[in-house]
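Okay, so here's the structure we're looking at.
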Amino acid sequence: MTQRNYRSRFEAQVPWTPLRYSALHEALWQFLNTACLAFGAWYIIWRWMWSINVEALWFSIPLIVAETGAYLGLVLFTLNVWSARSPERPLPPETTRDCTSDADIPERPLTVDVFFATYSEDPELVRDGLRAAKALTYAHPIEVSVHVLDDGKRSEMAEVAAQEGVNYITRSDNLGFKAGNLRNAMTVTSGDFILICDADMIPFSTFLEETLGYFRDEKVAWVQTPQWFYNVPPGAPLPAVLERRLGGAGRAIGRALERLIGPVQVGEDPFANDPQLFFDVILRRRNWANASFCCGAGSIHRREAVMEAALRQWSDAIEAEAGRNEAAARRLTGEAAIAESVQSAMRWQGALDLEFQPYKFHVSEDIYTSIALHADRERKWKSVLHPVVQARMLSPNDLLSWTVQRFKYAGGTLDIFVNDNPLVKPGLTMAQKLMYAATFYSYLSPIWNVIFLLAPIIFLFTGTAPLAGYSLDFFVHIVPFLLLNEVSKLVATWGNSNSKGRAWYLATFPLGLQALWTVLRRKKISFPVTPKDRQVGTYGKLVRWQIAIAVLTIAGLVWGWMAFMQGQSGYGLGAMLANTVWGLTNAISMLPIIRAAYWQPDPEFEGDIVAGKMRPDQQRTEEAFSS
């Protein structure tokens with residue numbers, strides 16, 4: 001079965017429906033989240049003031065620091081989801097005059113350039129998106145131009161573009177990777193708006209009708225739509241799976257279990273790729289702060305905003321470089337001032353040396369460009385997360401592809417935070433800084449997650465407690481906080497299950513630490529394009545640390561309960577109960593990613609996949625993540 005035939009098996013799936021706004025619902029989660037933070041502060045203060053185990057400071061202090069770090073993350077998350085208010089979608093504009101107050105702009109139909117950025121993807125995969133882009137509809141006259149941006153310089157890709165009657169754009173080098181590809185295309189196109197598509201993206205026909213209305217506000221620089229992965233395995237019903245293994249008895253058992261616990265889909269989304277929680281809750285609820293950032297594919301941009309922000313940054317960079325050169329010249333010559341003619345020459349040389357970059361040459365060019373536009377206080381550019389899905393895309397179907405993708409997300413974001421931190425620069429509003437801080441801070445979580453994973457293991461094997469005692473006072477402080485944390489998140493993300501995402505959030509600590517270490521060593525975050533086809537094999541090496549945590553935790557539980565039954569010092573009942581619940585939660589959280597490493601599609605319910613064979617660069621990538 002070909003990859004196209006395999007993907008066709010999922011085409012009947014439909015995207016999620018955005019959550020409806022409810023003022024009552026919003027007030028409820030605001031109350032619960034506030035209560036959660038209050039009880040959390042009460043717990044953290046108690047931990048610092050009265051619960052430190054002075055006989056084991058080596059253990060007690062790191063844990064309380066980790067708890068404090070996690071609490072600060074909870075504060076930022078609460079600010080992020082505080083309000084679901086978003087702008088209403090205006091009617092689609094009829095002409096250019098509807099998108100600006102500039103009376104000098106001639107009135108004419110809007111023009112849109114649709115960019116498909118590609119490098120090594122299957123040309124037939126790109127063809128599907130090209131055909132969908134040509135079928136975009138609009139209620140008014142509009143000029144839509146579709147372009148293939150091929151950094152692979154492939155004759156077969158050029159042939160597909162010619163067959164579909166779309167423009168084919170390539171360049172002599174690959175400077176800047178995707179960002180450079182987009183910049184190059186901007187220099188040879190002129191549309192009022194730019195729709196950015198990845199090679200696997202298939203836009204819905206209504207994309208422009210759903211998004212262009214926001215640009216009636218001349219301050220709106222871009223609109224991001226949710227990324228929906230239509231090839232996420234829907235799974236197979238539990239009764240059918242058990243019937244295959246146990247016959248009629250298995251089906252009966254499966255039906256009985258479903259009557260007790262509800263429908264169960266076996267093999268559903270093994271890689272936690274469903275992005276609804278991120279787009280429909282987290283990013284959407286940044287609209288109130290004008291801080292929903294661009295995620296690349298599925299976004300449409302006002303060309304004027306991108307070019308103007310790039311010009312301003314370019315000009316600032318030239319001035320800064322000229323200032324450094326002038327200071328160096330004064331030190332060299334001993335002169336108090338440099339002649340104006342020399343200063344002009346320095347600026348001219350700086351203009352020649354510095355790249356003009358409408359899209360920052362960076363692995364996370366999308367969020368980098370977002371920050372540049374949000375920080376422009378003169379123009380006060382706005383962004384919008386439009387909640388309705390307007391395209392379908394392909395998700396990773398193996399753990400290596402998933403790891404490559406998530407490493408680039410983590411490494412790129414951390415690189416911005418460490419090397420060009422916008423939080424300490426002027427431009428962004430306080431609300432925007434808090435929203436971006438929440439993004440940056442989330443990628444630091446592996447630091448304290450490691451401590452949370454190791455703490456119960458250390459206690460179970462040594463009997464050394466990280467706090468003064470697991471007394472009634474401890475449970476009185478922590479239980480209300482944990483319960484309110486669960487309930488407040490349940491209400492705040494109503495309609496979205498966050499249990500699987502939370503497990504992966506904890507289990508991906510090796511990936512996060514590797515990304516952070518890479519950035520701190522100032523190594524470039526550069527990996528091949530995320531594979532679109534499922535790769536051959538399983539990936540046990542990628543989850544060896546998660547397996548170690550799970551095994552050590554279970555072994556620790558056996559050791560700890562044996563010590564408790566023997567009456568050994570340090571193994572009190574309260575301590576054992578707390579660390580058993582804690583340890584089991586940690587071990588269970590490791591299971592989804594371990595399962596994903598060995599997951600294989602069910603040939604009966606998912607269709608036989610012709611697995612993609614890894615190229616040498618992908619083989620090197622696996623070795624890098626496994627080392």
Side-chain angles (χ1 to χ4, degrees), residues 15-16 18-19 80-81 83-90 92 99 112-117 129 133 136 178-179 182 192-198 200-204 206-217 219-229 274-306 309 358-360 362 364-376 381-393 395 405 409 412-413 416 428 431-432 435-436 438-439:
W16 68 80
L19 295 174
N80 189 147
V81 302
S83 176
R85 295 183 182 275
S86 291
E88 295 292 331
R89 178 174 66 89
C99 300
V112 178
D113 288 315
V114 184
F115 289 170
F116 282 88
L136 290 170
K178 181 181 177 181
L182 294 173
D192 302 313
F193 302 98
I194 300 169
L195 170 55
I196 297 179
C197 304
D198 277 350
D200 62 308
M201 177 175 149
I202 302 177
F204 295 169
T206 56
F207 196 109
L208 300 181
E209 295 173 340
E210 288 278 332
T211 58
L212 285 181
Y214 293 107
F215 292 101
R216 284 181 174 270
D217 181 347
K219 296 298 184 182
V220 171
W222 78 90
V223 176
Q224 177 69 55
T225 65
Q227 295 179 353
W228 172 58
F229 305 119
D274 186 351
Q276 182 178 4
L277 179 62
F278 174 73
F279 283 101
D280 203 22
V281 176
I282 295 175
L283 201 58
R284 182 180 177 185
R285 292 183 188 171
R286 295 186 178 190
N287 278 338
W288 71 268
N290 185 30
S292 62
F293 56 81
C294 173
C295 299
S299 60
I300 185 166
H301 302 243
R302 188 190 298 266
R303 179 185 293 267
E304 173 194 3
V306 177
Y359 289 97
K360 185 78 172 181
H362 194 269
S364 294
E365 85 287 337
D366 42 16
I367 190 171
Y368 225 135
T369 302
S370 302
I371 293 170
L373 288 166
H374 278 147
D376 188 340
W381 293 114
K382 298 179 183 178
S383 63
V384 177
L385 187 283
H386 178 59
V388 182
V389 174
Q390 288 300 308
R392 56 181 180 170
M393 307 175 195
S395 68
Q405 182 187 75
Y409 291 169
T413 305
I416 296 172
L428 296 177
Q432 288 172 329
M435 296 300 104
Y436 280 111
T439 298

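Source: prediction; values computed, not measured.
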Expected output: side-chain Gln227 to main-chain Met393 donor-acceptor under 3.5 Å = no

Name the orientation class of the two ring planes belonging to Trp222 and His301 (parallel below 30°, tilted from 30 to 60°, perpendicular beyond 60°).
-> parallel

Nearest heavy-atom neighbours spanning Pro387 and Pro226 | O-CG, 3.4 Å

Chi angles and distances behind the side chain to side chain contact (heavy atoms under 4.5 Å, CB included) call for Leu136, Val114 = CA-CA 10 Å; Leu136 290 170; Val114 184; 4.2 Å; yes

Derivation and outcome, side chain to side chain contact (heavy atoms under 4.5 Å, CB included), residues Phe215 and Asp192 | CA-CA 11 Å; Phe215 292 101; Asp192 302 313; over 6 Å; no

Tightest non-hydrogen contact, residues Pro87 and Tyr214, listed as O-CE2, 4.0 Å

Over all atoms of both residues, closest heavy-atom pair of Ala133 and Phe116 = CB-CE1, 3.7 Å

State, with a plain yes or no, whether a side-chain heavy atom of Phe207 is found less than 4.5 Å away from one of Ile300.
-> yes

Indicate yes or no for a side-chain donor-acceptor contact from Asn80 to the backbone of Ile282 under 3.5 Å, with no hydrogens or angles considered.
-> yes

Given the rule in the side chain to side chain contact (heavy atoms under 4.5 Å, CB included) test, do Arg303 and Asp113 qualify, once you have shown the distances and angles that lead to the verdict?
-> CA-CA 10 Å; Arg303 179 185 293 267; Asp113 288 315; 2.8 Å; yes

Would you call Cys197 and Phe115 a side-chain contact if the rule is heavy atoms closer than 4.5 Å?
-> no

Straight-line distance of Ile371 CD1 to Tyr436 OH, nearest 0.5 Å | 5.0 Å

Is the backbone N or O of Ser292 less than 3.5 Å from a side-chain atom of Ser383, with the two atoms forming a donor-acceptor pair by type?
-> yes

List the atom of Gln432, the atom of Ala289, and the distance in Å for their closest heavy-atom pair.
-> CG-O, 3.4 Å

Any idea which heavy atoms bring Arg89 and Glu209 closest together, and the distance?
-> NH1-O, 3.3 Å

At what distance, to the nearest 0.5 angstrom, does CZ of Arg285 lie from CG of Asp280?
-> 8.0 Å

Criterion side chain to side chain contact (heavy atoms under 4.5 Å, CB included) on Lys178 and Asp198, from CA distance to verdict = CA-CA 10 Å; Lys178 181 181 177 181; Asp198 277 350; 2.9 Å; yes

Any luck finding a side-chain donor-acceptor pair between Asn287 and Arg85 under 3.5 Å?
-> no

Hey, does Asp366 have a side-chain heavy atom less than 4.5 Å from the side chain of Ser299?
-> no

State, yes or no, whether a side-chain contact exists between Phe204 and Pro15 at a heavy-atom distance under 4.5 Å.
-> yes

Drop me the distance from Tyr409's OH to Cys295's SG, to the nearest 0.5 angstrom.
-> 8.0 Å

Taking the side chain from Arg284 and the backbone from Leu19, do they hold a donor-acceptor pair closer than 3.5 Å?
-> yes

Working to the nearest 0.5 Å, report the span between CE of Met435 and CZ of Arg286.
-> 6.5 Å

Answer yes or no: is there a side-chain heavy-atom contact under 4.5 Å between Val389 and Phe279?
-> no

Could you tell me whether a side-chain N or O of Asn290 sits under 3.5 Å from a main-chain N or O of Trp381, the two making a donor and an acceptor?
-> yes

Considering only heavy atoms from C-beta outward, does the side chain of Ser370 approach that of Gln224 to under 4.5 Å?
-> no

Drop me the distance from Glu365's CD to Ile196's CD1, to the nearest 0.5 angstrom.
-> 7.5 Å

Compare every heavy atom of Thr439 with every heavy atom of Thr413, then report the nearest pair and how far apart it is.
-> CG2-CG2, 3.9 Å

Going from CZ on Arg302 to CG on Leu212, what distance comes out if it is rounded to the nearest 0.5 angstrom?
-> 10.0 Å

